[in-house]
Visitor: 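The structure's right below; bear with me while I get my questions together.
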Amino acid sequence: MNPVAVESRLPAAATAAERVPFIRLDSAHPELFAELIEVVERVGRDGAFTLGTEVAEFEQAFADACGAEHGIGVSSGTAALEFALRALGIGPGDEVIVPTYTFIATAEAVSSVGATPVLVDVDPDQALITAPIVEAALSVRTRAVIPVHLFGRTVDLDPILELCRPRGIAVVEDACQAHAARYKGRLVGSLGDAGCFSFYPTKNLGGWGDGGALVTNDSQLAAKVRLLRTHGESPRHNHQIAAGTDRLDGLQAAILNVKLRHLEGWNQARRNAAMKLREGLAGTSVVLPAPAAPDGDHVYHLFVVRSEKRDALREHLDAGGVSSAIHYPTPVHLQPCYSGLGLGPGSLPAAERLAAESCSLPIFPAIEERHIAETVAAVESFGLGADR
Ligand SMILES: Cc1ncc(COP(=O)(O)O)c(C=O)c1O
């Protein structure tokens, strides 16, 4: 469902040892790596490759970590989103409201079930959707909204829930970048009808390949998703729905069981690193990411600054040995696959501006003081020379 290799989504510059890397994966942490190799060996010996005890254990632990009753392991975050919509009975003729400033998967899930994504702009400061934005896009055909906790910053969800609930409109949280983030003390993913997570290797909780989960407090929805992920089969050799294969692998679950225990600590390390980056970058030419709202959270999956001279800034960072990336250079409504929606350049201006100005700086739990200092110094020196 998501064949893109990890390295192809990472900046090439991240590979050289002396540079400030954009991210570090598990092989850079010898103790954790050794523990993960052990569990891989155990699964290899047990042969519990599809579903099985590792998956069941992870599903329960992850649901608990999200404050939800049910957790269902699936093959990717994209599959989780698609299954949420399918289980809610959304299909052709239905509209689903989606922010245009997100990873393409949020909209793809809507298209996969045959519904129409209604792409909306985002708040220019938060880079997130808000209740007034959603309200302006409602129609008689609106069946669901997918708020995206983009970059790890929580969406102000209560006003969206208050808008949707009385109208019978479902709220499916795309929490693929916000594992264990809190909103008003509650965990994201458990606030709407369903919460969807990705365990793509670079995520705050990442496996060694593709993986995802859906969490929910709705038993019926959970039961439907369990059918959808594995041939609609119940009981054995009886197929209630023509579905397919989109399970979480036993190997991924075993790895995620180990890594889940570190999630809170890693999120805190990300917040600490973000605070230092904020302090260092205050007063430089870049616009800092909106901090967490007083009743919200930010788990800094990404630390995204803005600059009108974004491309020159990235060149300057690269020359100074600091890796960077762009999330996302093209909003969904301007992607070729959505040209049929008829939303041309200029139609959703806040997202288009964010796409043109955003620059993701290195952030990961084990980021070192040196990496932060070098990143700050490189941004500070941008604009002091001929590149201004
Ligand atoms: C916001 C968002 N939604 C959905 C997805 C899809 O997740 P996956 O890559 O596991 O299919 C991702 C992950 O890349 C994401 O960042």
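As the structure lists them, so they are numbered: ligands from 1, and atoms in each ligand from 1.
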Visitor: Would Gly77 count as being in polar contact with ligand 1, using the rule that some N or O on each side must be under 3.5 angstrom apart?
Guide: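 Between Gly77 and ligand 1, an N or O pair is found under 3.5 Å apart.
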
Visitor: Pair up each side-chain donor or acceptor in residues 99-106 with any protein partner under 3.5 Å, not counting sequence neighbours, and list the distances.
Guide:
{"residue": "Thr100", "atom": "OG1", "partner": "Val332", "partner atom": "N", "Å": "3.2"}
{"residue": "Thr100", "atom": "OG1", "partner": "His333", "partner atom": "N", "Å": "2.9"}
{"residue": "Thr100", "atom": "OG1", "partner": "His333", "partner atom": "ND1", "Å": "2.7"}
{"residue": "Tyr101", "atom": "OH", "partner": "His327", "partner atom": "O", "Å": "2.9"}
{"residue": "Tyr101", "atom": "OH", "partner": "Ser358", "partner atom": "OG", "Å": "2.9"}
{"residue": "Thr102", "atom": "OG1", "partner": "Thr106", "partner atom": "OG1", "Å": "2.8"}
{"residue": "Thr106", "atom": "OG1", "partner": "Phe103", "partner atom": "O", "Å": "3.2"}
{"residue": "Thr106", "atom": "OG1", "partner": "Asp174", "partner atom": "OD2", "Å": "2.9"}

Visitor: Do Leu163 and Val155 sit in the same hydrophobic cluster, where Ile, Leu, Val, Met, Phe, Trp and Tyr count as joined when their side-chain heavy atoms come under 4.5 Å apart?
Guide: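 They do share one cluster, since a chain of ILVMFWY contacts under 4.5 Å joins Leu163 to Val155.
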
Visitor: Relative to ligand 1, is Val148 under 4.0 angstrom through side chain, backbone, both or neither, heavy atoms considered?
Guide: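 The part of Val148 near ligand 1 is the side chain, not the backbone.
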
Visitor: With a cut-off of 4.0 Å, which atoms of ligand 1 are near a heavy atom of Ala105?
Guide: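 Ligand 1 atoms under the 4.0 Å threshold to Ala105: 4 (C), 5 (C), 6 (C).
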
Visitor: Enumerate the atoms of ligand 1 whose separation from the nearest heavy atom of Phe103 is less than 4.0 angstrom.
Guide: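 With Phe103 as reference, the close atoms of ligand 1 come out as 2 (C), 5 (C), 12 (C), 13 (C), 14 (O), 15 (C), 16 (O).
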
Visitor: Would you mind checking if Arg226 and Glu233 are paired as a salt bridge, meaning a charged N to carboxylate O distance below 4.0 Å?
Guide: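 Judged by the 4.0 Å cut-off on N to carboxylate O distance, Glu233 and Arg226 do not form a salt bridge.
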
Visitor: With rounding to the nearest 0.5 Å, note down the distance linking CG in Leu317 to OG in Ser324.
Guide: 5.0 Å

Visitor: Could you tell me whether Thr78 and ligand 1 have an N or O pair separated by under 3.5 Å?
Guide: yes

Visitor: Going by salt bridge (charged side-chain N to carboxylate O under 4.0 Å, His left out), name the pairs with one or both residues in residues 253-264, residues two or more places apart or in two chains.
Guide: Asp26-Lys259, Glu35-Arg261, Arg182-Glu264

Visitor: What distance do Leu51 atom CG and Arg247 atom CZ have between them, rounded to the nearest 0.5 Å?
Guide: 5.5 Å

Visitor: Any N/O of Tyr200 closer than 3.5 Å to an N/O of ligand 1?
Guide: no

Visitor: Does ligand 1 have any atom sitting under 4.0 Å from a heavy atom of Lys203?
Guide: yes

Visitor: Numbering the atoms of ligand 1 from 1, which are under 4.0 Å from a heavy atom of Cys176?
Guide: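 That gives atoms 2 (C), 3 (N), 4 (C), 5 (C), 12 (C), 15 (C) of ligand 1.
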
Visitor: Side chain or backbone of Ser76 under 4.0 Å from ligand 1, or both, or neither, by non-hydrogen atoms?
Guide: both

Visitor: Is Phe199 reachable from Leu32 through a run of hydrophobic residues whose side-chain heavy atoms are each under 4.5 Å from the next?
Guide: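 Cluster IDs for Leu32 and Phe199 differ.
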
Visitor: So is Asp210 close enough to ligand 1, meaning a heavy atom under 4.0 angstrom away?
Guide: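 Heavy atoms of Asp210 never come under 4.0 Å of ligand 1.
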
